[in-house]
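Comments concern the structure below.
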Amino acid sequence: MQLTLTSENRLDLNHTLTSGQTFRWERIGEWWYGVVGRNVLKLKQNNSKLVFESYPEEVDKELIRSYFRLDDNLSSITRKIRKDKVISEAISSFEGLRIIRQNLWECLVSYLCATNSNIKVITQMISNLCRKFGKRIVFEGREFYLFPESKALARATLSDLTDCRLGYRAPHLRHTAQQIENGSVNLHEIMRLEYEQARRNLLGRSPGGKTLLGIGPKAADCILLFSMEKLESFPIDVWIKRLILEKYRHLFEDKFLHRLASTKSLGGGVYVATADRMRSYFGRYAGYAQEYLYSYARTRLAKVTYSM
DNA sequence: GCATCACCTAGAGG
DNA sequence: ACCTCTAGGTGAT
């Protein structure tokens, strides 16, 4: 099957799949292989043609369209977020980079695992989880695994999870899986709320403690952006922090910049204030701006540690 | 609220 | 060989 891209729904598969949003895609030769929902997907792009296959079920164009958010009018969005020279250069360097529409549960687990880690290690953790708890599918002689159901992770023993090299995240993940499984947290309901309200729910505290262990402001923003349709969400990780301290100082007061620079990990207050400012600057598609800036920062910015 | 600290892990650099 | 640091942070005190 194939799908024709137009200037309205331009897509760059490589930029999109290497942007650190998802941890489940692998490039083998000229094809990208990944697992989406119940199927293995195999994709390649020739200019405006997107060729795809799937297994075991045949997926239709609509699934591809939805997954890569091809209904977002990218040229209109980039026009709206192109506020300055920095973002402008980022957009030009990564044309066709899109936000991927991820599954709620998979996204939650992925970003719970992503705390204080790096892409390579995160990919390994997720892969271990899928191999241990997900359904196996053999396609073209290769093994693939579906993403495990919440039930499977809620029932998992702690040692099964630590075997997946999750480290201190293992009890967080099990607790979170149990909250989902017993219905005390309903991701679909949270998704229906407005950004602020949804974020409060993800970070929420209940009398007994935190509802979703392992989910802080950064992880919450990623979940909101990648799986809850909150395109205004602007997650701040170390790369975006570096970029802000280098290129967007003028948006903040000196005193605040000093605080931002001096804290190794962004505490709640500093994080929220920074993210709020960036959201108000870029507007309702701030999340797209963040993705372009993130790719730009990772490839262009020198690695400097800001500690004053 | 706000700092400080501990925490799994793999890999790089001294 | 060993340390130390870093990497898409969060939770407890």
Side-chain angles (χ1 to χ4, degrees), chain A residues 17-25 97 99-100 102 106-129 158-176 179 199-200 202-227 233-245 255-256 258-276 278 287 289-299 301-308:
Chain A
L17 294 179
T18 58
S19 64
Q21 295 177 58
T22 60
F23 307 98
R24 294 274 278 152
W25 288 92
L97 169 58
I99 288 174
I100 290 173
Q102 298 187 38
E106 179 169 343
C107 192
L108 173 69
V109 175
S110 300
Y111 285 93
L112 188 153
C113 292
T115 63
N116 195 23
S117 190
N118 57 58
I119 293 176
K120 207 170 173 183
V121 175
I122 300 161
T123 305
Q124 192 57 53
M125 290 189 277
I126 305 280
S127 161
N128 293 339
L129 278 176
L158 233 38
S159 69
D160 277 343
L161 294 173
T162 45
D163 283 352
C164 294
R165 320 316 294 160
L166 296 193
Y168 66 88
R169 301 163 194 84
H172 294 169
L173 177 56
R174 195 169 66 142
H175 181 265
T176 288
Q179 300 285 3
R199 183 173 67 175
R200 250 195 296 283
L202 285 174
L203 298 174
R205 286 175 182 283
S206 45
K210 209 159 174 298
T211 322
L212 296 175
L213 284 181
I215 303 297
K218 151 71 170 62
D221 271 342
C222 289
I223 293 160
L224 290 161
L225 177 59
F226 299 135
S227 70
S233 175
F234 193 96
I236 297 172
D237 49 67
V238 297
W239 288 104
I240 291 291
K241 175 182 162 181
R242 282 181 194 133
L243 181 99
I244 290 172
L245 287 170
K255 198 177 165 192
F256 186 83
H258 194 271
R259 265 175 75 198
L260 178 61
S262 59
T263 48
K264 187 170 168 286
S265 53
L266 303 181
V270 183
Y271 180 96
V272 171
T274 312
D276 282 352
M278 298 308 281
Q290 193 271 2
E291 284 308 293
Y292 283 98
L293 292 172
Y294 176 73
S295 290
Y296 174 86
R298 278 212 304 167
T299 53
L301 232 51
K303 241 163 110 174
V304 190
T305 328
Y306 290 94
S307 46
M308 305 193 199

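A note on names: the letters A, B, ... follow the listed sequences, proteins ahead of strands, and every chain is numbered from 1.
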Item to check | Closest to side chain of Tyr294(A), choosing from dA10(B), dC7(B), dG8(C) | outcome: dG8(C)

Next on the checklist: With a cut-off of less than 4.0 Å, is there a side-chain N or O of Arg165(A) near OP1 or OP2 of dC8(B)?
Outcome noted: no

Item to check | Spacing of the P atoms in dT4(C) and dA6(B) (rounded, Å) | outcome: 14 Å

Item to check | Side chain Tyr168(A) and base dG9(C) donor-acceptor under 3.5 Å | outcome: yes

Next on the checklist: Expressed as a whole number of angstroms, how long is the span from Leu243(A):CG to dG8(C):P?
Outcome noted: 14 Å

Checklist entry - So do the side chains of Asp237(A) and Gln290(A) get within less than 4.5 Å of each other, counting heavy atoms only? => result yes

Next on the checklist: Tell me if a side-chain donor or acceptor on Glu291(A) pairs with a main-chain N or O of Gln21(A) at a distance below 3.5 Å.
Outcome noted: no

Checklist entry - Between Leu212(A) and Thr22(A), who's closer to the 5' end of DNA chain C by nearest nucleotide? => result Thr22(A)

Checklist entry - Heavy-atom distance under 4.5 Å between the side chains of Ile122(A) and Ser110(A), does that happen here? => result no

Next on the checklist: Within the structure provided, determine whether Leu97(A) and Tyr296(A) are in side-chain contact (heavy-atom separation under 4.5 Å).
Outcome noted: no

Item to check | Stepwise ring pair (Phe, Tyr, Trp, His ring centres under 6.0 Å) test for Tyr111(A) and Phe23(A) | outcome: CA-CA 10 Å; Tyr111(A) 285 93; Phe23(A) 307 98; 5.7 Å; yes

Checklist entry - Side chain of Arg169(A), base of dC8(B): donor and acceptor closer than 3.5 Å? => result yes

Item to check | Sugar-phosphate only, base, or nothing, as touched by Gln290(A) at under 4.0 Å among non-hydrogen atoms | outcome: nothing

Checklist entry - Just how far, in rounded Å, is P of dT9(B) from CE of Met125(A)? => result 10 Å

Checklist outcome for this item: When both distances are under 3.5 Å in a Watson-Crick or G-U wobble arrangement, the nucleotide paired with dG8(C) is none

Checklist entry - Rounding to the closest angstrom, what is the interatomic distance between dG8(C) and dG13(B) at atom P? => result 15 Å

Item to check | Below 4.0 Å: OP1/OP2 of dA7(C) and any side-chain N or O of Arg242(A) | outcome: yes

Checklist entry - Picking from dG8(C), dT9(B), dT10(C), which would you name as closest to the side chain of Ala219(A)? => result dT10(C)

Checklist entry - Is the glycosidic torsion of dG11(B) within 90° of 0, making it syn, or is it anti? => result anti

Checklist entry - For atom P, what is the distance between dC5(C) and dC5(B), given to the nearest Å? => result 14 Å

Checklist entry - For Ile236(A) and dT10(C), what is the distance between atoms CD1 and C1' respectively, to the nearest whole Å? => result 16 Å

Next on the checklist: When you measure from the side chain of Ser117(A) to the backbone of Ala114(A), do you find a donor-acceptor pair of N or O atoms at a distance under 3.5 Å?
Outcome noted: no

Checklist entry - Taking CG from Asp237(A) and P from dT6(C), how many angstroms apart are they, rounded to a whole number? => result 16 Å

Checklist entry - Please give, in whole Å, the distance from dG8(C) C1' to Ile126(A) CD1? => result 12 Å

Checklist entry - NA contact type, Ser19(A), heavy-atom cut-off 4.0 Å: base, sugar-phosphate, or nothing? => result base

Checklist entry - Quick one: Leu213(A) CG to dG11(C) C1', roughly how many Å, whole number? => result 8 Å

Next on the checklist: With a 3.5 Å limit on both atom pairs, tell me what dA1(C) is paired to, counting Watson-Crick and G-U wobble, or say none.
Outcome noted: none

Checklist entry - To the nearest Å, how far apart are Asn116(A) CG and dG9(C) P? => result 6 Å

Checklist entry - Which nucleotide, dA7(C), dT10(C), dG11(B), lies nearest any side-chain atom of Thr115(A)? => result dT10(C)

Checklist entry - Quick one: Asp221(A) CG to dG9(C) C1', roughly how many Å, whole number? => result 13 Å

Next on the checklist: The side chain of Ile119(A) is closest to which nucleotide in this list: dT10(C), dG8(C), dC7(B)?
Outcome noted: dG8(C)

Checklist entry - Taking atom P in both dT13(C) and dC8(B), what distance in whole Å separates the two? => result 15 Å

